[in-house]
Q: 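Sharing a structure, written as structure tokens. Questions coming.
In this text the structure is predicted, and so the values were computed from the model without any measurement. The residues of the chain are indexed from 1 along the displayed sequence.
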Amino acid sequence: MHTRELGKSGLTVSAVGLGCMGMSDFYGPSDDAKSIETLHHAIDIGVRFWDTADMYGTGRNEELVGRGLEGRRDEVVLATKFGVVRGADGAVLGINGRPDYVRQACDASLQRLGTDHIDLYYQHRVDPQVPIEETVGAMAELVRQGKVRHLGLSEAAADTLRRAVKVHPIAALQTEYSLWSRDLEDEILPACRELGIGLVAYSPLGRGFLSGKIRSLDDLDPSDWRRHNPRFQGENLEKNLALADRIREIAGRKGCTPAQLALAWILAQGRDVVPIPGTRSPQRLEENAAACTVALSADDLAEIRQALPRTMVAGLRYPEAAMATLNG
């Protein structure tokens with residue numbers, strides 16, 4: 001597995017990471033034993049940049065990741081997030097970036113993860129009611145206490161990043177980036193590069209859609225959150241299938257899978273970009289990791305951008321209510 005530095009932070013991670021959310025939440029039933037097997041296999045093959053959050057499974061995902069880390073904590077760069085508050089029933093109650101909550105959330109995450117430090121601690125969503133300077137100030141105190149090594153933000157706007165770095169260095173911005181989510185290329189990615197912030201791309205496979213394995217809602221479990229995502233519904237789905245088909249055609253010519261092509265494209269956007277595809281399967285994990293071996297030439301990249309223009313994607317990337325929490 002190749003490695004990359006997140007921006008100018010000095011934090012080195014595997015070039016392909018592992019998003020752990022789906023092991024506990026949102027994508028239908030899961031198997032903890034299979035997930036633990038996947039986590040252990042990730043360490044074995046060098047996928048050692050893991051991402052979780054306190055809201056995934058209302059804490060259960062952090063507990064699961066903690067079990068996967070037992071005896072091997074020092075082999076993994078561990079990232080988690082705070083700020084999206086959920087009730088015991090899973091309902092989202094709001095966003096909290098108050099300093100006292102930052103400290104409380106970090107201590108709770110450390111306990112669930114079974115570790116004394118978090119390598120990369122993100123604010124999951126920007127709280128519009130709390131100045132970013134106050135939230136990052138509280139996060140910086142966690143660094144001084146040794147509980148956190150590096151700070152990150154998730155789904156933050158370019159101006160928010162500029163304000164945040166005046167308080168404390170920001171190692172990474174985590175946001176959605178893939179062949180069907182490229183709006184960040186206009187302002188946010190240039191701002192990251194201006195400020196020396198790495199980009200961690202979540203949902204680099206379009207929540208699995210770009211792998212070509214989802215052709216209809218019947219391919220998703222009845223409890224799968226993606227059934228409510230605008231891009232998976234009705235006419236949007238039909239239009240987006242054409243995008244998936246083009247990815248499959250190009251991947252066939254390159255001798256790789258559609259998922260590997262989508263990840264190779266992300267990796268080719270710059271050495272400061274790190275995708276964190278999620279999976280619950282050791283086999284899919286290996287497939288994703290092998291994207292590092294897919295070389296895309298300048299001609300390949302030009303062909304992909306021409307064949308898959310940003311305007312081809314149909315539908316919002318979240319339901320409207322959730323869209324309001326992005327790029328704060």
Q: Mind telling me whether Tyr56 and His124 have parallel, tilted or perpendicular rings, with 30° and 60° as the class edges?
A: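 Aromatic pair His124/Tyr56 classed perpendicular.
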Q: If only atom types and distance count, is the side chain of Asp25 paired as donor or acceptor with the main-chain N or O of Gly57 below 3.5 Å?
A: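 Yes; at least one donor-acceptor contact below 3.5 Å.
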Q: Does any part of the side chain of Val273, heavy atoms only, come nearer than 4.5 Å to the side chain of Ile266, both counted from C-beta?
A: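 Yes, at least one pair of side-chain atoms sits under 4.5 Å.
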Q: For the pair Arg271 (side chain) and Thr3 (backbone), establish whether a donor and an acceptor sit closer than 3.5 Å, ignoring hydrogens and angles.
A: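 At least one qualifying donor-acceptor pair exists.
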Q: Regarding Arg246 and Glu249, does a basic nitrogen lie under 4.0 Å from an acidic carboxylate oxygen?
A: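 Salt bridge flag = no for Glu249 with Arg246.
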Q: In sequence, state the C-alpha distance, the side-chain angles, and the governing distance for Ser178 and Arg317, and then conclude on side-chain hydrogen bond (donor to acceptor under 3.5 Å, both in side chains).
A: CA-CA 11 Å; Ser178 72; Arg317 57 188 179 103; over 6 Å; no
Q: Which distance, rounded to the nearest 0.5 Å, do you find between the CD1 of Ile132 and the CZ of Arg163?
A: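 Nearest 0.5 Å value for the CD1-CZ distance: 7.0 Å.
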Q: Quick one: closest heavy-atom pair of Ser35 and Leu64, and the distance?
A: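 Smallest heavy-atom distance, with atoms named: CB-CD2, 3.8 Å.
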Q: Between Ser203 and Glu176, do the side chains contain a donor N or O and an acceptor N or O under 3.5 Å apart?
A: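 No, no side-chain donor-acceptor contact under 3.5 Å.
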Q: If you compare all heavy atoms of Leu179 against all heavy atoms of Val313, which two are closest, and at what distance to 0.1 Å?
A: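 It is O-CG2, 4.4 Å.
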Q: Under the criterion ring-ring contact (aromatic ring centres under 6.0 Å, His included), I'd like the reasoning laid out for Tyr177 against Trp265: C-alpha separation, chi angles, the key distance, then a yes or no.
A: CA-CA 11 Å; Tyr177 191 30; Trp265 181 86; 5.6 Å; yes
Q: Would you indicate whether the side-chain heavy atoms of Arg193 and Asp272 approach each other to under 4.5 Å?
A: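 A side-chain contact under 4.5 Å exists here.
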Q: Apply the test salt bridge (charged side-chain N to carboxylate O under 4.0 Å, His left out) to residues Glu63 and Arg60: give CA-CA distance (whole Å), side-chain angles for both, the deciding distance (0.1 Å), then the verdict.
A: CA-CA 5 Å; Glu63 293 171 350; Arg60 295 191 307 278; over 6 Å; no
Q: If you compare all heavy atoms of Leu6 against all heavy atoms of Ala172, which two are closest, and at what distance to 0.1 Å?
A: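 Heavy atoms only, the tightest pair is CD1-CB, 4.0 Å.
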Q: Heavy atoms only: give me the nearest Ala291-Gln260 pair and the separation to one decimal.
A: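 Nearest heavy atoms, Ala291 then Gln260: CB-O, 3.7 Å.
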Q: Are Met55 and Tyr101 linked, directly or through other ILVMFWY residues, by side chains that come within less than 4.5 angstrom of each other?
A: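 Met55 and Tyr101: separate clusters.
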Q: For Gly206, does its backbone N or O pair with a side-chain atom of Arg231 as donor and acceptor, under 3.5 Å?
A: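 Absent.
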Q: Minimum heavy-atom separation for Gly68 and Ile43, please, with both atom names.
A: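 Heavy-atom minimum between the residues: O-CD1, 4.4 Å.
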Q: List the steps and the verdict of side-chain contact (heavy atoms from CB on, under 4.5 Å) for Gln174 and Leu120.
A: CA-CA 11 Å; Gln174 183 176 140; Leu120 177 57; over 6 Å; no
Q: Whether Arg72 engages the ring of Trp50 as a cation-pi pair (distance to the six-membered ring centre under 6.0 angstrom, angle to the ring normal within 45°) should be assessed.
A: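 Relative to the ring axis of Trp50, which defines the angle, Arg72 lies outside at least one limit.
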Q: If hydrophobic clusters are built from ILVMFWY residues whose side chains come within less than 4.5 Å, do Val274 and Leu11 share one?
A: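 As far as the 4.5 Å side-chain criterion goes, Leu11 and Val274 are connected within one cluster.
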Q: Quick one: do Glu194 and Arg162 make a salt bridge, cutoff under 4.0 Å?
A: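 Yes, this pair counts.
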Q: Taking Asp119 as the fixed residue, which of Val148, Thr80, Leu78 is the one that meets the side-chain contact (heavy atoms from CB on, under 4.5 Å) rule?
A: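 Only match with Asp119 under side-chain contact (heavy atoms from CB on, under 4.5 Å): Leu78.
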Q: Taking the side chain from Arg227 and the backbone from Leu220, do they hold a donor-acceptor pair closer than 3.5 Å?
A: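 Confirmed, Arg227 side chain pairs with Leu220 backbone.
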Q: For residues Leu18 and Met1: do they belong to one hydrophobic cluster (side chain heavy atoms under 4.5 Å, members Ile, Leu, Val, Met, Phe, Trp, Tyr)?
A: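 Yes: a chain of side-chain contacts under 4.5 Å links Leu18 to Met1.
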Q: Decide yes or no for Ile170 and Leu195: does some side-chain heavy atom of the first lie under 4.5 Å from some side-chain heavy atom of the second?
A: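 In short, these two side chains do not touch, never coming nearer than 4.5 Å.
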Q: Does CZ belonging to Arg98 count more than 12 external heavy atoms closer than 6.0 Å?
A: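 Incorrect, the count does not exceed 12.
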Q: Salt bridge check, Asp183 against Arg310: does any charged N sit closer than 4.0 Å to a carboxylate O?
A: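 Yes, Arg310 and Asp183 are salt-bridged.
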Q: Decide whether Thr12 and Glu5 meet the rule of one side-chain donor and one side-chain acceptor closer than 3.5 Å.
A: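 No, because no side-chain N or O of Thr12 sits under 3.5 Å from a partner of the opposite role on Glu5.
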Q: Could you check whether any side-chain N or O of Lys81 sits under 3.5 Å from a backbone N or O of Thr52, counting only pairs where one atom can act as donor and the other as acceptor?
A: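 It does hold such a pair.
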Q: Salt-bridge test for Asp219 and Arg226: reply yes if a basic N is under 4.0 Å from a carboxylate O, no otherwise.
A: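 Here Asp219 does not pair with Arg226 in a salt bridge, since their nearest N and O are not under 4.0 Å apart.
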Q: Val47, Val77: one ILVMFWY side-chain cluster at the under-4.5 Å cut-off?
A: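 No, it is not one cluster - the side chains of Val47 and Val77 are not joined through contacts under 4.5 Å.
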Q: Treating Ile, Leu, Val, Met, Phe, Trp and Tyr as nodes and any side-chain heavy-atom pair under 4.5 angstrom as an edge, say whether Phe209 and Leu217 lie in one connected cluster.
A: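 Yes, it is one cluster - the side chains of Phe209 and Leu217 are joined through contacts under 4.5 Å.
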Q: Compare all side-chain heavy atoms of Val65 with those of Val76 and state whether any distance is below 4.5 angstrom.
A: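 Counting from C-beta outward, Val65 and Val76 never come under 4.5 Å.
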Q: Any side-chain heavy atom of Asp245 within less than 4.5 Å of one from Arg248?
A: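 A side-chain contact exists here, since the closest heavy-atom pair is under 4.5 Å.
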Q: Might you point out which heavy atoms bring His117 and Arg73 nearest each other, and give the distance in Å?
A: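 Result for this residue pair: O-NH2, 3.0 Å.
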Q: Sub-3.5 Å donor-acceptor pair from the side chain of Lys254 to the main-chain atoms of Ala295, do we have one?
A: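 Yes, Lys254 side chain to Ala295 backbone: donor-acceptor pair under 3.5 Å.
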Q: Please determine if Asp54 and Arg86 form a salt bridge, counting it only when a charged side-chain N lies under 4.0 Å from a carboxylate O.
A: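 Salt bridge between Asp54 and Arg86, a charged N being under 4.0 Å from a carboxylate O: no.
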Q: About how many Å separate CD of Glu235 and CG of Asn240, when rounded to the nearest 0.5 Å?
A: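 It is 11.5 Å, given to the nearest 0.5 Å.
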Q: Asp89 versus Thr58: any side-chain heavy-atom pair under 4.5 Å?
A: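 Contact flag for Asp89/Thr58 side chains = no.
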Q: Test Arg207 against Tyr27 for side-chain contact (heavy atoms from CB on, under 4.5 Å), laying out the working first.
A: CA-CA 9 Å; Arg207 298 178 176 83; Tyr27 288 175; 3.3 Å; yes
Q: Hey, are Asp221 and Ser223 close enough side-chain-wise for a donor-acceptor pair under 3.5 Å?
A: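 Checked: Ser223/Asp221 side chains pair up, N/O donor to acceptor below 3.5 Å.
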Q: Are Arg67 and Asp32 close enough for a salt bridge, meaning some N to O gap below 4.0 Å?
A: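 Answer for the salt bridge query: yes.
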Q: Within the side chain of Thr38, is there an N or O that forms a donor-acceptor pair under 3.5 Å with the backbone of Arg280?
A: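 Between the backbone of Arg280 and the side chain of Thr38 there is a qualifying donor-acceptor contact (under 3.5 Å).
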Q: Check the pair Thr135, Phe82 against side-chain contact (heavy atoms from CB on, under 4.5 Å), reporting the backbone distance first and the verdict last.
A: CA-CA 11 Å; Thr135 302; Phe82 74 92; 3.9 Å; yes
Q: Side-chain contact test, heavy atoms from C-beta onward, threshold under 4.5 Å: evaluate it for Tyr121 versus Val143 and give yes or no.
A: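 They are not in contact (no side-chain heavy atoms under 4.5 Å apart), so the answer is no.
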Q: Does any non-hydrogen side-chain atom of Asp51 lie less than 4.5 Å from one of Tyr202?
A: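 A side-chain contact is absent here, since even the closest heavy-atom pair is not under 4.5 Å.
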Q: Can any side-chain N or O of Glu134 pair as donor or acceptor with the backbone N or O of Pro99 at less than 3.5 Å?
A: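 No, because the side chain of Glu134 does not come within donor-acceptor range (under 3.5 Å) of the backbone of Pro99.
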Q: Is a donor on one side and an acceptor on the other found under 3.5 Å between the side chain of Asn61 and the backbone of Cys20?
A: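 Pair found, side chain donor or acceptor close to backbone of Cys20.
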Q: Might you work through the side-chain contact (heavy atoms from CB on, under 4.5 Å) test for Asp107 and Lys147, ending with a clear yes or no?
A: CA-CA 8 Å; Asp107 287 343; Lys147 297 178 179 180; 2.8 Å; yes
Q: For Gln111, is the CD atom crowded, meaning more than 12 foreign heavy atoms sit under 6.0 Å from it?
A: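 Result for CD/Gln111: open.
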Q: Using modelled atom types and a 3.5 Å cut-off, is there a donor and acceptor pairing between side-chain atoms of Arg4 and backbone atoms of Leu267?
A: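 Yes; at least one donor-acceptor contact below 3.5 Å.
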Q: Would you give the length of the straight line joining atom OG of Ser14 to atom NE2 of His2, rounded to the nearest 0.5 angstrom?
A: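 That separation rounds to 11.5 Å.
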Q: Are there over 12 heavy-atom neighbours, none belonging to Glu303, within less than 6.0 Å of that residue's CD?
A: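 Correct, the count exceeds 12.
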Q: Tell me, yes or no, whether the heavy-atom count around Asp100 atom CG, taken from other residues, nucleotides or ligands under 6.0 Å, exceeds 12.
A: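 For Asp100, atom CG is crowded (more than 12 foreign heavy atoms under 6.0 Å).
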